[in-house]
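Naming: A, B, ... by sequence-line order, numbering from 1 per chain.
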Protein chains: 2
Amino acid sequence: MVTIKDIAQRAGVAKSTVSRYLNGGSVSQKTRAKLDEIVKETGYTPNTFAQSLKAKHTKMIGMIIPRLDSYSANEVLASIDASLRDQQYQLLITNANQSIEREIENIYTLAKQKVAGIILMATIITEAHRKAIAEVDIPVLLLGQVGEGLHTISHQEYEAGFTMGSYAKNLGHKKYLYLSVFKEDVAVGQLRAQGVLDALKEGADRTVEVIETSFSFQEAYEQALVILPSTQATFIICATDNIAMAVLKAAHTLDMSIPQQFSLAGFGGYATTSIVTPSITTVKYPYKELGKVAVEQILELVSGKPMKEHIALPNRLEIRESTVPF
Amino acid sequence: MVTIKDIAQRAGVAKSTVSRYLNGGSVSQKTRAKLDEIVKETGYTPNTFAQSLKAKHTKMIGMIIPRLDSYSANEVLASIDASLRDQQYQLLITNANQSIEREIENIYTLAKQKVAGIILMATIITEAHRKAIAEVDIPVLLLGQVGEGLHTISHQEYEAGFTMGSYAKNLGHKKYLYLSVFKEDVAVGQLRAQGVLDALKEGADRTVEVIETSFSFQEAYEQALVILPSTQATFIICATDNIAMAVLKAAHTLDMSIPQQFSLAGFGGYATTSIVTPSITTVKYPYKELGKVAVEQILELVSGKPMKEHIALPNRLEIRESTVPF
DNA sequence: CTCTTTATTGGAACCGGTTCTATTTATGTA
DNA sequence: TACATAAATAGAACCGGTTCCAATAAAGAG
């Protein structure tokens, strides 16, 4: 392997000169030309580790995702990857596999890799998260969830819920079922739910039942099989498209027809919701945009500039076949 | 930041002793106990970069995936991530975004990160691939595709095709349509296709039409909209489940019913194929197993042990609602 | 044609570890 | 008790870069 020393020897200069040449310091035309040639000839590239030993950090951004098979995470990831590339940064992805411990652990692991910044897609923010973030002394950007006092980019969850609730209300339905997720998840379990409920609140002849289910397709499916036969609801709103898909499948299994027996809607804008029959009404989130903004912001943070503590992106209702007037 | 020097000073020993302590060299009970305490107290962890400077490689395995939104890639990824963790290795994921150039580029990038080994999910193996693999001097394991002279773990593609073909033949259909992908893809475009065709070959009253389409859902969908109205086929086999889903959607759009008008089958065992209606007959690939074996093998290679050049995993036909006898 | 000022350059120290060698200390054996 | 052998340790060199400082060379001013 060719090192800076080899280059220096070949060129007959000190290695500090080569280092300056590589990093844009003052070097004469003559030596620059000579080095240009030698570097090209030898195909020399500096050893990243030697560089990072002294440098405070690398040209890498670490990203922690909750699971590898999440549609939304992958959409965001793809966008972040592309944007980061434009800025000559490398993306280092680690998987927390739905475990809070692994999330924390990965923060430290990435810090050890001396990434310049960390983008964290968490589901909940615990004290341990805050402690880790404070300790690593690397900018951390939260994605999707809001963390008091931490830099955050998220979706307008409350508004999404409210939009969906209002849409449903205007269709004239009286009995609603909202399939939510655990409350510890602030973005989905609280804000999104609250938006829906607030929109549907007024009016005495309207009832909204809320049942808690899981992000997992399989679990939601099994629960739906139990709930559907007895529900009075003519409009079912699910906290995620994944849950909506599970309800759809359960309906098929039970031989119930949508939207004849009940309307169905979800959140997320997952690609599959437009493929199934009937296609499912959903709120489409701008994942690509989220990724783009996230990269802009983390790089700002990395370069020491301040950012607004919290940025929330708007979303859009997408009406499809699964919802009809009462 | 606390360094090995600090630890050494506190303990009143040389840093070489601390290094030995950390790496399991010979250290007396007394010093070991003292160091145990000091390390715990200070929360010291060695600087990875300093370690990697001398070490030939790190405890990281790099993985290059073709796209971030591929179901199969994610399944494999999840499994590899878990297995690698068990072995105290870190997984570094990079996305080639369907570009051959980026695949090559990522091989070099990962090499610069001094990963111990690289797992490459490529679609085709070019000369540039071989050149890069030879140059980086790091074990590279091919996943999914077979590369002459390179270490490979793949699926039994031909057998999968043959199984599906035989199954279809036994249902008594006469006219088949096989939606394939570009031939440069050896695993899917050649082997899988050949298996299907070979199974369906014999018999004079049987016809098989082959049309080439794309891995992309959208493109396959648009093509299906054109093909379906005029096809005579009563059994459509798609090279991937993704394509099968596209055909299903096109059928819905065109108001054609499956399996009444034609049977439909795919390959892959994607989760969504069991969710849609009708659920789609497919060949289920053991992604988890593939990941597990891949980790075993790459670690063998990393430790210098030889492996069989080519390992191919078996798969299994999964019969669902979308296919019926003629 | 000197004297400053500025642009280049070389050398040494350093980043935080690992590893080799020589030395000291402990242990076992005759 | 003396001697051989094994275990533990210190010190120095090294990995491949960056950075600081002093020295030299080139350029501009008087």
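Under a 3.5 Å cut-off, the side chain of B:Ser70 and the backbone N or O of B:Arg67 do not form any donor-acceptor pair.
For B:Glu37 and B:Lys34, the salt-bridge test fails: no basic side-chain N is under 4.0 Å from an acidic carboxylate O. Using a 4.0 Å cut-off between a side-chain N of Lys or Arg and a carboxylate O of Asp or Glu, B:Arg130 and B:Glu127 qualify as a salt bridge.
With hydrogens and angles left out, the side chain of B:Lys5 and the base of C:dG17 share no donor-acceptor pair within 3.5 Å. At a cut-off of 3.5 angstrom, counting only N and O atoms as typed in the model, there is a donor on one side and an acceptor on the other between the side-chain of B:Ser16 and the base of D:dA10. Put simply, the side chain of B:Lys15 and the base of C:dG17 share a donor and an acceptor less than 3.5 Å apart.
Across all strands, A:Val18 comes closer than 4.0 Å to no nucleic acid atom at all (heavy-atom distances).
Computed from coordinates, the B:Asn23 CG to D:dA8 P distance equals 16 Å when rounded to whole Å. B:Gln9 has its CD atom 13 Å from the P atom of D:dA10, to the nearest Å. For the pair A:Gln29 CD and D:dA26 P, the interatomic distance rounds to 15 Å; values are reported in whole Å. Atom NZ of A:Lys30 is separated from atom C1' of D:dA25 by 10 Å (rounded to the nearest Å). Rounded to a whole Å, the OH atom of B:Tyr21 is 19 Å from the C1' atom of C:dT19. Put simply, CG on A:Leu53 is 9 Å from C1' on D:dC15, counting in whole angstrom units. Following rounding to the nearest Å, A:Ile7 (CD1) and C:dG10 (P) show an atom-to-atom distance of 15 Å. The CG atom of B:Leu35 sits 14 Å away from the C1' atom of D:dA10 (whole-angstrom rounding).
Regarding contacts with the backbone of D:dA26, every side-chain N or O of A:Ser28 stays at 4.0 angstrom or more from both OP1 and OP2. A close approach under 4.0 Å does occur between a side-chain nitrogen or oxygen of A:Ser19 and OP1 or OP2 of D:dT18. Within the 4.0 Å cut-off from OP1 or OP2 of D:dA8, at least one side-chain nitrogen or oxygen of B:Ser26 is found. Taking only side-chain nitrogens and oxygens, A:Gln51 never comes nearer than 4.0 Å to OP1 or OP2 of D:dG16. Distances shorter than 4.0 Å separate some side-chain N or O of B:Thr31 from OP1 or OP2 on D:dT9. Note on A:Asn47: every side-chain N or O is 4.0 Å or more away from OP1 and OP2 of D:dC15.
Other residues, nucleotides and ligands contribute only 12 or fewer heavy atoms inside 6.0 Å of the NZ atom of B:Lys292.
Listed nucleotides: C:dT18, D:dG16, C:dG10. Nearest to the side chain of A:Thr3: D:dG16.
Of the two residues near DNA chain C, B:Ala50 and B:Arg20, the one whose nearest nucleotide lies more 5' is B:Ala50.
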Verdict with supporting geometry, A:Asp36 and A:Tyr21, side chain to side chain donor-acceptor pair (under 3.5 Å) = CA-CA 9 Å; A:Asp36 275 343; A:Tyr21 157 81; 2.6 Å; yes
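End-to-end axis angle for the helix from C:dC1-D:dG30 to C:dA30-D:dT1, using five pairs per end and rounding to 10°, comes out at 40°.
A 4.5 Å side-chain heavy-atom check between A:Glu184 and A:Thr123 finds every atom pair outside the cut-off.
The aromatic rings of A:Tyr285 and A:His155 sit perpendicular, their planes meeting at an angle over 60°, well past the 30° parallel limit.
In terms of the side chain to side chain contact (heavy atoms under 4.5 Å, CB included) criterion, residue partners of B:Thr42 (sequence neighbours excluded) are, by chain and number, B:Val2, B:Ile7, B:Arg10, B:Ile38, B:Tyr44.
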